[in-house]
Structures are given as structure tokens and as C-alpha cells.
A.B. asks: 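The following block contains the structure, expressed as C-alpha cells.
Everything numeric here is computed off the predicted structure, so don't read it as measured data.
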Amino acid sequence: MAKQYIEKGLLVPDHVITRLMLLELENRRGEHWLLDGFPRTLVQAEALDRLCDLDLVITLNIPFETLKDRLSRRWIHPPSGRVYNLDFNPPHVHGMDDVTGEPLVQQEDDKPEAVAARLRQYKDVAKPVIELYKSRGVLHQFSGTETNKIWPYVYTLFSNKITPVQSKEAY
């Protein structure tokens, strides 16, 4: 059901994504996990509150144009799921998958108009969620345009806030 919305360049409705995420998280009780892009709305945050307390929330403040440009330059190889970006991970041959030589496609939700609409909608619904986590003292914000400049700060925060998890092989 979520795929139908994504293919049209729309955000997945709260009731669909919340049900999907909460079922998955229920199956992972007692495990450590990291969420990326959920919750996006107050309805989703409130549903997540009924399941757990969050230790840490981060938000990346990246200029609208940077996000739009980056997302609009993403192309995929549908059979494998390989993702290319024309700026920082381009295919060896333009428009062709590096492994199979098959054509790459740009998904509807990665086209510039769809990206711009999604980003505007996201900004409107995310602001109350950001304020909620800020008021709880678990929100950390990072700003910038380059991953390699933002990541060291995010990594340091994670390293200081989260106890490293030993892999089962280490026991």
C-alpha cells in the first residue's frame, strides 16, 4: 500500500506508515534500533510514544535548494535497487546500471516537481514534531550542505550518547 503512494511522489499517509512502523518495532522489542524519517508527523510521534521513549532525536537543517537538487539527481536500477546520484555516485555510463548495463530510471517521486512538493509538505508537518522533541530535551540539530562536514558532529553525538552495542560474535 505504501508503495502506491511513493510511486506517485506522495507522502505515505499517517495510518499506513504508522501501522507498518509500529508492527516492525513491536517485532524488535528488546533490540536497539535507529529510525530514519519516522516519525514525521505529530500523529506518528504520538503513536510511537505509546510504544517507547526515544533516547535521542536528530534533525538535519539542510537548505531547500540543496535537498531538491540532490534528490532530483537520483536514479535507480529497479531490479536490484541500486541507487546512483549524478553528482556524487554517477554510473560509469550515463543512464546505465554499472553491473548489468540495463537502463536506469528516475522515480516519479525523485522528479524536481515532486521533490519540491514533498519538501514543502514535509516542512509543514515536521515542525510540530521537532518542537515536541525539543521541548523534551532529546532533540539535537545540525546544519549544513555537505555530508562529510555534518557527519563528524553527528558521529560524536552518537558516540557520547549511545553505549556501543557488542556484536554477538564478540561474546
A.B. asks: Roughly how far apart are L119 CG and L71 CG, rounded to 0.5 Å?
C.D. replies: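 The distance works out to 6.0 Å.
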A.B. asks: Taking atom CG as the centre, does N148 end up with more than 12 heavy-atom neighbours from other residues, nucleotides or ligands that are less than 6.0 angstrom away?
C.D. replies: yes
A.B. asks: With sequence neighbours left out, write down each residue that passes side-chain contact (heavy atoms from CB on, under 4.5 Å) with K123, or none if nothing qualifies.
C.D. replies: none
A.B. asks: Any chance you could measure E131, atom CD, to L42, atom CG, to the nearest 0.5 Å?
C.D. replies: 10.5 Å
A.B. asks: When hydrophobic residues are tied together by side-chain contacts of less than 4.5 Å, even through go-betweens, does L23 share a cluster with I17?
C.D. replies: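 No: no chain of side-chain contacts under 4.5 Å links L23 to I17.
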A.B. asks: Would you please say whether a donor-acceptor pair under 3.5 Å links the side chains of D97 and T100?
C.D. replies: yes
A.B. asks: Applying side-chain contact (heavy atoms from CB on, under 4.5 Å), can you list everything that pairs with E113, at least two apart in sequence or on another chain?
C.D. replies: K111
A.B. asks: Would you please name every residue forming a side-chain contact (heavy atoms from CB on, under 4.5 Å) with E31, sequence neighbours left out?
C.D. replies: R28
A.B. asks: Between P91 and L86, which heavy-atom pair has the shortest distance, and what is it?
C.D. replies: CD-CD2, 4.2 Å
A.B. asks: Once you round to the nearest 0.5 Å, how far does CG of L51 lie from CG of L25?
C.D. replies: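 If we round to the nearest 0.5 Å, L51:CG and L25:CG are 6.0 Å apart.
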A.B. asks: Going by the rule salt bridge (charged side-chain N to carboxylate O under 4.0 Å, His left out), which residues pair with K127 if we only count those two or more places apart in sequence or in a different chain?
C.D. replies: none
A.B. asks: So which atom in F158 and which in L34 form the shortest heavy-atom distance, rounded to 0.1 Å?
C.D. replies: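 Smallest interatomic distance, heavy atoms only, reads CZ-CD1, 4.3 Å.
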A.B. asks: Could you give all pairs that pass the ring pair (Phe, Tyr, Trp, His ring centres under 6.0 Å) test and reach residues 60-108, with sequence neighbours left out?
C.D. replies: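 Passing the test, one end in residues 60-108: no pairs.
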A.B. asks: Where the side chain of N160 meets the backbone of T156, is there a donor-acceptor pair that is under 3.5 Å apart?
C.D. replies: yes
A.B. asks: Who pairs with P63 by side-chain contact (heavy atoms from CB on, under 4.5 Å), at least two apart in sequence or on another chain?
C.D. replies: T66, T145
A.B. asks: Does any pair with a residue in residues 121-155 pass ring pair (Phe, Tyr, Trp, His ring centres under 6.0 Å), and if so which ones, sequence neighbours excluded?
C.D. replies: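 As it turns out, the ring pair (Phe, Tyr, Trp, His ring centres under 6.0 Å) pairs with a partner in residues 121-155, which skip direct neighbours, are W151-Y155.
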A.B. asks: For the CD atom of Q141 and the CG atom of N61, what is their distance to the nearest 0.5 Å?
C.D. replies: 5.0 Å
A.B. asks: For a side-chain contact (heavy atoms from CB on, under 4.5 Å) with I58, tell me which candidate from L157, I150, L139, V138 qualifies.
C.D. replies: L157
A.B. asks: Can you measure from OG (S72) to CD (Q106) and round to the nearest 0.5 angstrom?
C.D. replies: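 So the OG of S72 and the CD of Q106 are separated by 6.5 Å.
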A.B. asks: Quick one: list whatever passes salt bridge (charged side-chain N to carboxylate O under 4.0 Å, His left out) with R73, sequence neighbours left out.
C.D. replies: D87
A.B. asks: Is there a path of hydrophobic side-chain contacts, each under 4.5 Å between heavy atoms of I, L, V, M, F, W or Y residues, that connects L104 with V99?
C.D. replies: no
A.B. asks: For the pair H15 and V43, evaluate side-chain contact (heavy atoms from CB on, under 4.5 Å) and give the outcome as yes or no after the intermediate values.
C.D. replies: CA-CA 9 Å; H15 71 280; V43 169; over 6 Å; no
A.B. asks: Would you say T147 and R70 make side-chain contact, with heavy atoms under 4.5 Å?
C.D. replies: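 In contact.
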A.B. asks: Show every salt bridge (Lys or Arg N to Asp or Glu O under 4.0 Å) that has at least one partner inside residues 132-141, sequence neighbours left out.
C.D. replies: D49-R136
A.B. asks: Which atom pair, heavy atoms only, marks the closest approach of L22 to A47?
C.D. replies: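 So the minimum-distance heavy-atom pair works out to CD1-CB, 3.8 Å.
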A.B. asks: Are the side chains of P13 and T18 in touch, meaning some heavy atoms are under 4.5 Å apart?
C.D. replies: no
A.B. asks: Please list all pairs meeting salt bridge (Lys or Arg N to Asp or Glu O under 4.0 Å) that have one or both residues in residues 33-46, counting only residues at least two apart or in different chains.
C.D. replies: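 Pairs touching residues 33-46 that pass the test: none.
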A.B. asks: List the atom of M1, the atom of V16, and the distance in Å for their closest heavy-atom pair.
C.D. replies: SD-CG2, 3.4 Å
A.B. asks: How does the hydrophobic cluster around V105 look, that is, which other residues are in it when side-chain heavy atoms under 4.5 Å mark a link?
C.D. replies: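 Noted: V105 shares its cluster with I76, V83.
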A.B. asks: With the side chain counted from C-beta on, respond yes when I130 and V57 share a heavy-atom pair under 4.5 Å apart, and no when they do not.
C.D. replies: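 When only atoms from C-beta onward are counted, V57 and I130 do not touch, as no gap falls below 4.5 Å.
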A.B. asks: Transitively linked via ILVMFWY side-chain contacts under 4.5 Å: V125 with L48?
C.D. replies: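 No; L48 is not reachable from V125 via cluster members.
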A.B. asks: Members other than M96 in its cluster, when Ile, Leu, Val, Met, Phe, Trp, Tyr link by side-chain heavy atoms under 4.5 Å?
C.D. replies: V93
A.B. asks: Got D69 and V115 here, is their nearest side-chain heavy-atom distance under 4.5 Å?
C.D. replies: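 No, side chains not in contact.
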A.B. asks: Measure across L132 and A45 and return the closest heavy-atom pair with its distance rounded to 0.1 Å.
C.D. replies: CD2-CB, 3.9 Å
